[in-house]
Structure formats: C-alpha cells, structure tokens
2 protein chains.
Amino acid sequence: MPGQVQSIARAAAILRLLASSSGRLGIGEIARSLDLPKGTAHGIVRTLQDVGFVEQDKTSGKYQLGAALLHLGTSYLDVNELRSRSINWADPLAARSGEAVRIGTLLDGKVLVVHHVFRPDDTLQTLDVGSLLPPHATALGKVLLAYDVGAANAVMQGEPEPYTRRTLVTVRTLTRALTGIRDNGWGAEIEEMTLGEAGIAAPIRGYGGLVVGAIGLSGPIDRVCDGQGHPRPALVAYVRDAARAVSRDLGAARW
Amino acid sequence: MPGQVQSIARAAAILRLLASSSGRLGIGEIARSLDLPKGTAHGIVRTLQDVGFVEQDKTSGKYQLGAALLHLGTSYLDVNELRSRSINWADPLAARSGEAVRIGTLLDGKVLVVHHVFRPDDTLQTLDVGSLLPPHATALGKVLLAYDVGAANAVMQGEPEPYTRRTLVTVRTLTRALTGIRDNGWGAEIEEMTLGEAGIAAPIRGYGGLVVGAIGLSGPIDRVCDGQGHPRPALVAYVRDAARAVSRDLGAARW
DNA sequence: AACCCCGGTCGACAATGTCGAACACTGTTG
DNA sequence: CAACAGTGTTCGACATTGTCGACCGGGGTT
C-alpha cells in the first residue's frame, strides 16, 4: 500500500487530539503533543479552521473542534447501513425487553455506539450515540472482540482498566469469556462496568457472515438476571432474535 | 491570511461531498465532481480511509463517510459551550411550554441543530441534532440571520426554496422580517416550513453581546399561536427568558 | 473477444507544504 | 517599569511532498 498524504494524516491526528483532550488546546500544545514545528501545526490548524473543522476561541486564542464535524458525523449515521437496518429491530427489542438497547461497532479497538433506544419507562437518560465504550467491560464490546482476534489481542496487550471488582482484566479470563461467546453465539456482562448494571449482546453479521456489529440491552441487574445471577433466558432469546433479524436484513447468508 | 494547505482543503471538500450526496460514491465520481485527477483523489481518499474518516464498501468499491467522524462529531458536542450551557435551560423551556425545543447556530449559512429536547408528551420524534435546517423558513434561522448580515445576504442571493405558500422567498419580505426580529428581539415562523407547524425563537448572545446561537420551540400551529394567528405571548416570554438565561450563562454582559 | 467502465498503481516532475527563525502581542515577574 | 516568558502568527528558502497522467488488472456489457 503506497504512502499516506502526510498533511492529511497530520490533520486527522490534530482532530483526534482535540477530541480526546476534551477542551481547548493552544497551538503550542498541539505542536508539542504531535512533535510538529509550531509553524507547521499552525498552517494545518488554520486550514482546518477555514473548512470549519476547528474553531478558535477569540479571547484565549485556543482551538477546539468545529461545528462542521457535527454535521459530518450525523451524515455518517444516515449512510451507515448497520444503523439504518437495525433501527427497525431495536425499537421492538426495547419494547419487548423493557430495557435500553444499543447497537455498536468496533472503531479503533473501542465500541462505537451507532444507535441507542432509551429504556421505555425512564426518560432521564443521556443519548450516547457517538460515544466510545470500553470493549472489555461491556457486553457489546466482548461480543465484538470475540469475532475480531486482532482487536482482542490489542485489548489484551494494553492494560484493560478495572471499572469494578468484576471487570475482566487478565488475559486468561478475557480469553475464556470470548471463547464462551463464540461457543454460545451471545455474551453478557454483569457488573463489570457499573455496579448494579448488566447487559446482554449478540453479534450482527453482514454480507458473507462477517461480524460487523453487535446489538444488546442493558439495565439493572435484578431485571436483566434471574435468581441465580444468570442472564434471563427470555431476554437472551430476544437479543439473539433481534441480532439475527438485523443480520438477515444486512444480507448475511443464512445468518 | 496566508494560503491554505491544499491537500487538507481538498480532503475536506471530499468529506463534504460524501456527506451531501448521501450514499456511496466511486473514486471516479469524486474526482469528476471536484475536478481532480483520479490519482490525486485516490491518494487523498486512501489516507482518509486509513484514519477512519471514510470507509469503502468492499463489494462495490465505493466510498462513504467513516465511523471516526461520528465520534469526532459528538466530541464537538461535548466541547461546545453553547450546547452545554443551554441544556439546563432547554429542558425547563420544553416542560413549561409543552413543545419541542431546539438550539441552533449558523454553519455555512444554514442552521445547525446542536441540541434538541423532544416535546414532553410525544415520544415518536426523530432526534435531529447535527442536521441542517433551512435558515429562511425556520424561526431559529431567521433569528440567526437577523444578527448576521453576511449570512442574510448570502441567503437572499441564492434562491430560497419555497416549502409552503407562506415561506418567505423574496428579498423584500425577508428583509422586513429580519428587521422586525431585530426590533422585537425575537422571531416566529408560521407554516413557512411545514403546514400546520409554527415556531418561536430568540437570540442567544455570547461574550461581548455577539449573537452566537438561537433557542426556540416549535409545534402545532393551534398550540403555538392564539386565535388571531399570532404567537402566544406567554410562549414568547418563555423563549425570551430562556434565551436570556443562556446568554447570561455564556457571559454576555447584561445580555 | 473486443470494448468500456471501474478502482488501483507507479514514477517523474515541480508545485507544494514544511520548517525554524523572527514578529507582535499579552500577562507576568523580577 | 522593564525584562521576560508565554502566546498565536507570519515569512521565505528549501526540498520534501503531493500531485499528475499514463498505465495496470479486473468485471461487466456489448
């Protein structure tokens, strides 16, 4: 594969940097973080500003992400086939299960939420479409990792952050969990991200049977799990049905 | 102002092109649309693909926007001060008025929705954060135009699209409407975008008194307007109060 | 099998972006 | 109050870099 266009790669790095370090950054900080000459960084940032990808706070002179990115991001949602196909099935799943439903895909080793249906009863929830979830501590994430060995290895190389006492952080436990998911065709997460919360997810397959995303629900542990602390079979069936339906819509041969 | 970085400006143009022509585009179409050599376009697109800003459909070989943009877009929302400051006031406004509330800002002559609160009663609404609304046919848009002569002129240069019979499309009517908004400090829209729908909006001022956005509500005409076909004074007061509150939060001196 | 479209590649050329020093400005510090 | 340490910004020379158009290789269609 031939080389990249240097300036564009650098511009993308600046945008990612601005996104990660939420808040405003000065040109000096940008240049230092990416090891670029100040003048070079300034030229790139100025261009990004002209096209609306970054904005400058007049008083402090610092830079932040621009409004044009918001529109591009939502335009992506309009095009994304995984999202558009799954919307029809996410609502029924939320209604049947009574829990919040999310659909995610892997982006750069993390889980990108492309669709989110609120829990039917409760309205005070924050929409987290577009946010990134940790792959090792969510049902969606573990399902996605189970079918992407590259990403799974990358996660295990890095040190998975322990959110709770039950978060899987060792290579052994994670590997076993992923194997279990592959065997069963679905996965769960019980208080591995947040105490009192649990989730169930299943893989969505696209054309050719490749796993392109995951759909899952999450909610209070006493509603998602039965007395023995296992995910309720009925909910698991709902999730798997929804995943199969979306996969069929996406053209996965015999799921 | 010194020149732009050519390749970055071109890359941005490609992204905008992909966003506007919703759907997938081939490398040839991209090159033709932007009048670039095929090889050049391919190099840029390949780099954009490497950084996750565009994705390629394996089967057709065509390109579309990538997932990384979604995350960048929502990261923008986290940073955007207009949004974060207005969230606290948008919910009460929706509750008091009983209507859907939106907050917008000007992007490239159109209204970019940065926040959206659903109408309290109804749940079947589509979230349109990140979408672009026509400036001349919405209350938010006309308010924003009233305080941005440049954008207003640009809109009047182009031919404003008539959505309904009541849409303002001539320079004379539009100018008069904007003048009225400046005099009153608020604006309305009655069936200019959709039949049976109306809206009320007021400007949000940032540091220094500059108008940086607008907040408004919209709903069925018989709820938003009184018997004479004028916006209900109580609702207007609610909207203006909310706009003032947000402006104060943003540091606008004595609004 | 000839054709025409597609996306992708390659290499020569020079236009392009990069780079570091210098600038103007602000707020702080001695 | 002046020197300083920051900031964002500009400039011009250099050569790295990206551009360009011809050339591949493959699918369809004619």
Side-chain angles (χ1 to χ4, degrees), chain A residues 1-18 21 23-66 79 81 206-208 210 251, chain B residues 1-18 21 23-66 79 81 206-208 210 251:
Chain A
M1 185 186 329
Q4 301 190 133
V5 176
Q6 187 189 53
S7 53
I8 295 177
R10 286 173 168 176
I14 289 178
L15 291 178
R16 272 200 303 267
L17 179 68
L18 285 171
S21 62
R24 290 169 258 279
L25 289 180
I27 199 82
E29 300 173 87
I30 295 172
R32 233 172 293 124
S33 300
L34 299 175
D35 202 29
L36 291 174
K38 213 167 42 165
T40 304
H42 178 66
I44 296 173
V45 169
R46 173 164 26 82
T47 307
L48 289 174
Q49 185 181 0
D50 289 342
V51 297
F53 287 10
V54 308
E55 294 169 356
Q56 185 175 28
D57 184 27
K58 268 100 186 177
T59 63
S60 68
K62 302 203 170 198
Y63 294 94
Q64 62 177 36
L65 294 180
V79 183
E81 206 176 344
Y207 183 80
L210 209 69
Chain B
M1 181 185 339
Q4 302 191 133
V5 176
Q6 186 189 53
S7 53
I8 295 177
R10 286 173 169 179
I14 290 179
L15 291 178
R16 273 200 301 267
L17 178 68
L18 284 172
S21 63
R24 289 169 258 278
L25 290 179
I27 199 79
E29 299 174 86
I30 295 172
R32 232 171 296 123
S33 300
L34 299 175
D35 203 29
L36 289 175
K38 212 169 36 165
T40 304
H42 178 64
I44 295 173
V45 170
R46 172 164 26 80
T47 307
L48 289 174
Q49 186 181 0
D50 288 342
V51 297
F53 287 10
V54 308
E55 294 170 356
Q56 185 175 27
D57 184 27
K58 268 99 185 176
T59 64
S60 68
K62 302 204 171 198
Y63 294 93
Q64 61 177 36
L65 294 179
V79 183
E81 206 176 344
Y207 182 80
L210 208 71

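Remember, predicted model here, so these are calculated numbers, not experimental data. In what follows, chains carry the letters A, B, and so on, assigned in the order in which the sequence lines appear, proteins first and then strands, with residues in each chain numbered from 1.
In this structure, CG of B/Leu25 is placed 18 Å from P of C/dC5, rounded to the nearest angstrom. Taking atom CG of A/Asp50 as the reference point, atom P of D/dT9 lies 11 Å away to the nearest angstrom. In this structure, B/Arg32 atom CZ and D/dG21 atom P are separated by 15 Å, rounded to whole Å. For the pair A/Glu29 CD and D/dT7 C1', the interatomic distance rounds to 10 Å; values are reported in whole Å. The CG-P distance, from B/Asp57 to C/dG8, rounds to 12 Å in whole Å. Distance, B/Ile27 CD1 to D/dT19 P: 12 Å, rounded to whole Å.
Legend: residues meeting salt bridge (Lys or Arg N to Asp or Glu O under 4.0 Å) with B/Arg24, ordered by chain and number and at least two apart, are A/Glu81. Every residue meeting the side-chain contact (heavy atoms from CB on, under 4.5 Å) condition with B/Gln6, not counting sequence neighbours, appears here in chain and number order: B/Arg10. Not a single side chain to side chain donor-acceptor pair (under 3.5 Å) links A/Gln49 to another residue, sequence neighbours left out. Taking B/Glu55 as the reference, A/Tyr76, B/Gln64, B/Ala67 meet the side-chain contact (heavy atoms from CB on, under 4.5 Å) condition, with sequence neighbours excluded.
Residue B/His42 places at least one side-chain N or O under 4.0 Å from the OP1 or OP2 atom of C/dG8. Contact check, B/Tyr63 against C/dC6: no side-chain N or O comes under 4.0 Å of OP1 or OP2.
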Exercise for the section: Do nucleotides 15-20 of chain C as a string where each nucleotide becomes B, S or -: B if the base has a protein heavy atom under 4.0 Å, S if just the sugar-phosphate does, - if no protein is that close. Expected result: -SSSBB
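Contacts of B/Arg24 with the nucleic acid, taken as non-hydrogen atoms under 4.0 Å apart, are absent. Residue B/Gln56 is in sugar-phosphate contact alone, with no base atom involved, counting any heavy-atom pair closer than 4.0 Å across all strands shown.
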Under 3.5 Å, side-chain donor or acceptor atoms of residues 27-40 of chain B against the rest of the protein: list the pairs with distances, not counting sequence neighbours.
unit_1	atom_1	unit_2	atom_2	d
B/Glu29	OE2	B/Gly26	N	2.8
B/Glu29	OE2	B/Lys62	NZ	3.3
B/Ser33	OG	B/Glu29	O	2.8

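Side-chain contact between A/Leu15 and A/Phe53 is present, with at least one heavy-atom pair separated by less than 4.5 Å.
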